[in-house]
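Computed from heavy atoms alone, side chains included, the values below leave out hydrogens, waters and symmetry copies. Each ligand, and each atom within it, is numbered from 1 in the order the structure gives.
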Amino acid sequence: MKVQSHTLACVMLVFSTFGSVKCGNILVWYTEASHWINLKPVLETLTDRGHSVTVLLPNVTLFMDATEKNRYSYEMFNVSLSLDELSDWMDEILYFTMYEMDKLNMLELYMKSYQIIGKDLDLCLVYCDGLLKSESVMDKLRKGRYDVLFVDPIFPCSELVAETLDIPIVYTLRLSIANTMERLCGQSPAPPSYVPGAMSKFTDKMTFSERIWNFLFYVSQDALAVSLWKKLDAYYSDYLGRPTSFCEMMGKADIWLIRTYWDFEYPRPLVPNFKYVGGIHCRPAKPLPKDMEEFVESSGDDGVVVFSLGSMIKNMTKERANVIASALGQIPQKVLWRYSGEKPETLAPNTRLYDWIPQNDLLGHPKTKAFITHGGTNGIYEAIYHGVPMVGIPMFGDQPENMVHMKSEGAAVIMDFNSMETKDLVDGLKAVINDPSYKENAMRLSRIHHDRPVHPRDEAVFWIEFVMRHKGAKHLRVQAHNLTWYQYHSLDVFAFLLAIIALVLFIFYKILKSCVVRCCFRSRSKSKKE
Ligand SMILES: *[C@@H]1O[C@H](CO)[C@@H](O)[C@H](O)[C@H]1NC(C)=O
Ligand SMILES: *[C@@H]1O[C@H](CO)[C@@H](O)[C@H](O)[C@H]1NC(C)=O
Ligand SMILES: *[C@@H]1O[C@H](CO)[C@@H](O)[C@H](O)[C@H]1NC(C)=O
Ligand SMILES: *[C@@H]1O[C@H](CO)[C@@H](O)[C@H](O)[C@H]1NC(C)=O
């Protein structure tokens, strides 16, 4: 029945559009948290266009929900891990990034990151085992006749499944630390002189000392990545039965959909199979629930402030919550705060707590004056879409980096979660709300965001369909993938040319020397005769 209705939808679509639309079979890699939120709109658009979409789903997951009503189907696999182990692990990362990280020096941070990412990879390999070593699931996938694998590469091993099924890969990602995956595996060029390493917190305008730090950042993160990926290299080689590496396999991907755009990203050189599709999930605002709309309207001319620290931060220490709540009480605006922890004692009457808020609809509301955010890419893009200035309280991952971008565009101020006092937050909010430059800059980014040939969601879908139609996009893949590092930087050419110059100089020197000797000798012998 399901197959029939899918076929029917597909046939109708073929007749209703003039381009030749071939309905395909799309396999989607498992992921978590905001990464999953970001995939969903693309999957929905793909099913709208008549494709059949199947999402790989581990039986242990914190965010993906198989019971949720969707038009795509799930393919379950088992992993030998308990839900408690997974959530303990998440809590450990959150605690480290929220409270511990700032207290460490560079070396300690480096060591601790090594340890944490190493543990993360071990956990990822448990998922790989669950999927790749299950004969029944792999058999089903082989029989599924998929056309493409759509992947957020935050969880590895998708390349092994694509290789086994002999299908192309389309990646979607925000970033990897210092763009290690994009640069080392995707061959995306990034001159350290003006492309700040992702998560270095530099902008594209760097002083001499910042350029030194940026350069060292690239080198140190590359060393970290390459040594950590050794684990994956061994797993990949073992599975395929031939020596290979994680990076080499990633390099075979056909298209990389990067989830930012030039309203956010500093201009940089691109390779043709990298497409910037930031704002995939952004939509016009829908009306608010009735009681929320009444609360928002009750704010009068002062308007409202929307406050969310994202889906991961549900709780914070009492002390931090009180500092924040008393700051919110000192502004004339009404505040809608997404917070499911204990109610802070200092909570003022202008602030309401919610377990969940329709964030996009609130940001699109004409009464919204500012957005207090943890700086996740999804939230930032909703704010850009609706032109709302931001107060960033970044927590972990790419969030500090994201807020640096928005600050450098003049659309945000940044607070430090651990050290900020009530007065800091009040000052930040007042600046963003009362100084018109923040709103103007947010509106400028919004205009850039909206002024593009197609909606980013449609562009993402276009490239997935392109890869299905052409069984890959190898014509967009640069030859850099086939070069060694010294060939890539033309070091062998330099060496060769230097050798020639040296040889010429040497011959020249020899000729000159013998000439000088002969001339002098002759002139000396002449003068002796005289
Ligand atoms: C997953 O494990 C359950 C029992 O825990 C079993 O019934 C099911 O068949 C397994 N699924 C797969 C795909 O192996
Ligand atoms: C997932 O499946 C594995 C293997 O069947 C089982 O050991 C584990 O308890 C399951 N986890 C959950 C949360 O169902
Ligand atoms: C939030 O954290 C506090 C301690 O900081 C704890 O007492 C409380 O139970 C936590 N609440 C939730 C909902 O996790
Ligand atoms: C590039 O390398 C790949 C495998 O690494 C190989 O299949 C391909 O033929 C090479 N292409 C060229 C043009 O040498």
Query raised in the report: Parallel, tilted or perpendicular for F155 and Y30, by the 30°/60° rule?
Result: tilted
Query raised in the report: Between R174, R259, K40, which is the residue that forms a salt bridge (charged side-chain N to carboxylate O under 4.0 Å, His left out) with D152?
Result: R259
Query raised in the report: Under the 4.0 Å line, does any protein heavy atom show up next to atom 2 (O) of ligand 2?
Result: yes
Query raised in the report: Would a 4.5 Å heavy-atom cut-off, applied to side chains only, mark D254 and N273 as touching?
Result: no
Query raised in the report: In terms of side-chain heavy atoms, does S134 have a donor or acceptor partner in N78 at a distance below 3.5 Å?
Result: no
Report task. Report the residue from L363, L362, D361 that forms a side-chain contact (heavy atoms from CB on, under 4.5 Å) with Q359. Result -> L363
**Report entry** Contact check, L83 vs ligand 2, heavy-atom distance below 4.0 Å
**Finding:** no
Query raised in the report: How far is atom 13 (C) of ligand 1 from its nearest protein heavy atom, and which residue and atom name does that atom have?
Result: V137 CG2, 3.7 Å
**Report entry** Nitrogen or oxygen of N59 less than 3.5 angstrom from that of ligand 2
**Finding:** yes
Query raised in the report: Considering only the protein, which heavy-atom contact is closest to atom 14 (O) of ligand 1, and what is its distance?
Result: N78 ND2, 3.5 Å
Query - V60 neighbourhood, listing ligand 2 atoms whose heavy-atom distance to it stays under 4.0 Å - result: 11 (N), 13 (C)
Query raised in the report: Do the ring planes of Y381 and H449 sit parallel (below 30°), tilted (30 to 60°) or perpendicular (above 60°)?
Result: tilted
Requested in this report: Just jot down the ligand 2 atoms closer than 4.0 angstrom to any heavy atom of V79, in number order.
Outcome: 1 (C), 2 (O), 3 (C)
Query raised in the report: Are any of the protein's heavy atoms under 4.0 angstrom from atom 7 (O) of ligand 1, yes or no?
Result: no
